[in-house]
Amino acid sequence: MEIYGKWIFIHYTDICNKAMKEKAGFSTVELLVAIAIFIIIIAIPFEMFIKTLKTTTQQYEISKSSLEKLPTSEILTRDIETAGVGLPFKVNSNIYYEVNSGVSLHLYTSFKPSSFNNSPSGVPKAIDGNVDSSSGYSYLVLRSSMFGLNKTANHWTYIFYDNKTGTEKLNIWNNNSVSNYNNLKQNDEVIILDAASREIKGTSLFFKITKDASLSDRDTTNYGLPNLPQGNYLVYGISDKNDVAAPFNRVDYALYDEQNSNPLCAQGTHTLGKILFNNNSSGSISKYPILRCVADFEVWFGLDNNTNSIAWTQDLTSLSALKVREQLKRVVVLILIQNGQYDRNYTYPYSHIFVGDSSLGIGHEFYFNKHGFLLTGTKSYKHYRWKLLEFIVKPMNLEGD
């Protein structure tokens, strides 16, 4: 019994010890291994999430940059297409004033806005411009009655001879017409052009409209307009200011640096500005940023000089207003811009980029080291993506004699 009991006791004790060991859980080593495996399992999708987040952020910034460029495309295209609207072809003995020679914008070209003045008595050129020999940046000049930042710049109509009454009548756009917004308004400063010759007409350079256009009144003299010989005339609104200086409005495009540079832009980039001639007796200007982080801005002009192909140039300064109207067929604007933000994990593979259009035979290599870009370090140009924007525009309002 003792032996049997002892055997039973010992056997029972061994079973209990074995069961207790089985219920003791993981050892420290096993626990550490389990934790390590768990961390690895968690880390893999987390790392993928971080990479995806970075990629998404980069793509967002690139997409954002692309969206921001859309308005610029619309503004530039519209301005070039409407250059020439309402411009006189003959100014006779009239004297007008343009940009004051003392105005300077600290532009990234050697040109001043006054360098392109056609005043005091020259025939205004619808489109003008040149390229700076040292920087390679272009300066673009556009003239039109429509470029003012006021409603008057969109007002226009015509004067016609009424056979029934034997008098000149002012056209009034019908209230139900989409052209109604073109109707003249009180205090509009306007110019009058002969419809055929585009010669400035009237006893003075500008005339102030004395009341809003009304369908019940087509008598030109009731609007402050002069008595004119029998004929057809165009009337263009210029401004609603009392000190209008030129028979047109003007905008220039050039690169400059803002006072507080955008920290998201690479060093060496600039701001493309739209420079508005305020058309007043002081000859002042205002500038508005339309595109930031620009590395290069170039404009090419395609001329038809009676050959079988277009001749390309970046300099229109030697052409007269008439030659520009007759020969200018295409304007190509090239803008090299930073695409997205700084990315330390990205390396731009080249030291230069072709700014041009090989199919047109225009352009050249743009070298970053010649334009103030950092070549090494975390802020090097190599940590940014670069994109070339190209706008090919046909001027729509360059009418020859």
Side-chain angles (χ1 to χ4, degrees), residues 58-83 107-109 127 129-132 135-142 251-258 261-262 264-275 287-302 310 312-314 330-343 346 348-368 370-373 381-396:
Q58 292 166 4
Q59 293 302 319
Y60 167 75
E61 293 299 334
I62 292 172
S63 299
K64 180 182 176 183
S65 297
S66 298
L67 289 173
E68 290 171 346
K69 298 177 191 95
L70 292 177
T72 302
S73 172
E74 294 296 325
I75 292 171
L76 265 171
T77 300
R78 179 184 180 276
D79 283 354
I80 294 173
E81 287 179 344
T82 56
L107 303 173
Y108 274 89
T109 69
I127 300 179
N130 202 351
V131 61
D132 183 69
S135 68
Y137 301 143
S138 289
Y139 194 104
L140 177 65
V141 179
L142 305 171
V251 292
D252 299 1
Y253 284 90
L255 294 183
Y256 71 97
D257 268 352
E258 295 181 89
S261 299
N262 192 326
L264 299 180
C265 296
Q267 179 177 318
T269 59
H270 312 291
T271 297
L272 178 60
K274 181 173 180 176
I275 304 163
K287 66 177 185 291
Y288 304 90
I290 64 167
L291 195 59
R292 295 179 171 88
C293 308
V294 176
D296 192 18
F297 170 66
E298 298 188 29
V299 182
W300 289 82
F301 306 103
I310 295 292
W312 293 96
T313 181
Q314 291 184 281
R330 293 288 186 276
V331 178
V332 177
V333 180
L334 300 167
I335 302 175
L336 180 60
I337 188 171
Q338 175 185 318
N339 200 28
Q341 297 183 11
Y342 165 79
D343 183 358
Y346 172 79
Y348 188 72
Y350 309 108
S351 62
H352 55 87
I353 186 171
F354 181 71
V355 177
D357 188 325
S358 56
S359 66
L360 300 176
I362 59 176
H364 64 94
E365 297 290 351
F366 176 91
Y367 286 86
F368 290 95
K370 295 181 180 179
H371 288 83
F373 287 87
Y381 76 91
K382 292 185 178 181
H383 295 299
Y384 296 87
R385 293 169 175 82
W386 301 97
K387 183 175 183 178
L388 181 64
L389 307 179
E390 179 179 10
F391 310 119
I392 302 177
V393 188
K394 180 181 180 181
M396 303 297 291

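Every value quoted in this text rests on a predicted model; they were computed, and no experiment measured them.
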Item to check | Results of ring-ring contact (aromatic ring centres under 6.0 Å, His included) for H371 - residues two or more places apart only | outcome: Y137, F366
Checklist entry - Can you list the steps and then say if E390 with D357 is a side-chain contact (heavy atoms from CB on, under 4.5 Å)? => result CA-CA 8 Å; E390 179 179 10; D357 188 325; 2.5 Å; yes
Heavy-atom check, side chain of [X] versus side chain of [Y], under 4.5 Å:
X    : Y    : answer
L334 : W300 : yes
L255 : T271 : no
I337 : L291 : yes
I353 : E365 : no
R330 : W312 : yes
V294 : L336 : no
Y253 : V299 : no

For a quick test of reading the model, state the closest non-hydrogen atom pair linking [X] to [Y] and the distance between them.
X    : Y    : result
A83  : I127 : CB-CG1, 3.7 Å
V331 : P395 : CG2-CG, 4.0 Å
V333 : I335 : CG1-CG1, 4.0 Å
D296 : G136 : OD1-O, 4.1 Å
L264 : Y384 : O-CE2, 4.1 Å
L388 : F354 : CD2-O, 3.6 Å

What distance do [X] atom [atom1] and [Y] atom [atom2] have between them, rounded to the nearest 0.5 Å?
X    : Y    : atom1 : atom2 : result
I75  : I80  : CD1   : CD1   : 12.0 Å
N339 : L389 : CG    : CG    : 8.0 Å
S73  : R78  : OG    : CZ    : 13.5 Å
E298 : S135 : CD    : OG    : 9.0 Å
L140 : Q314 : CG    : CD    : 11.5 Å

Item to check | Residues Y139, N130; criterion side-chain contact (heavy atoms from CB on, under 4.5 Å); working and verdict | outcome: CA-CA 6 Å; Y139 194 104; N130 202 351; 5.7 Å; no
Next on the checklist: Taking the ring of F368 and the ring of W386, is the distance between their centroids below 6.0 Å?
Outcome noted: yes
Checklist entry - Is any side-chain N of the basic residue among K287 and D252 closer than 4.0 Å to the acidic one's carboxylate O? => result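 The answer is no: the pair does not qualify as a salt bridge.
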Item to check | Donor-acceptor under 3.5 Å (T269 side chain, C293 main chain) | outcome: no
Checklist entry - Under 3.5 Å, is there a donor-acceptor pair between the side chain of Q338 and the main chain of A266? => result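 Flag set: sc Q338 to bb A266 pair under 3.5 Å.
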Checklist entry - Would H383 and D343 count as having a side-chain donor-acceptor pair, cut-off 3.5 Å? => result no
Item to check | Lys NZ or Arg CZ of R385 over Y346 ring: under 6.0 Å, within 45° | outcome: yes
Next on the checklist: Looking at K274, I want to see if its NZ is surrounded by more than 12 non-hydrogen atoms of other residues, nucleotides or ligands under 6.0 Å.
Outcome noted: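 Yes, enclosed.
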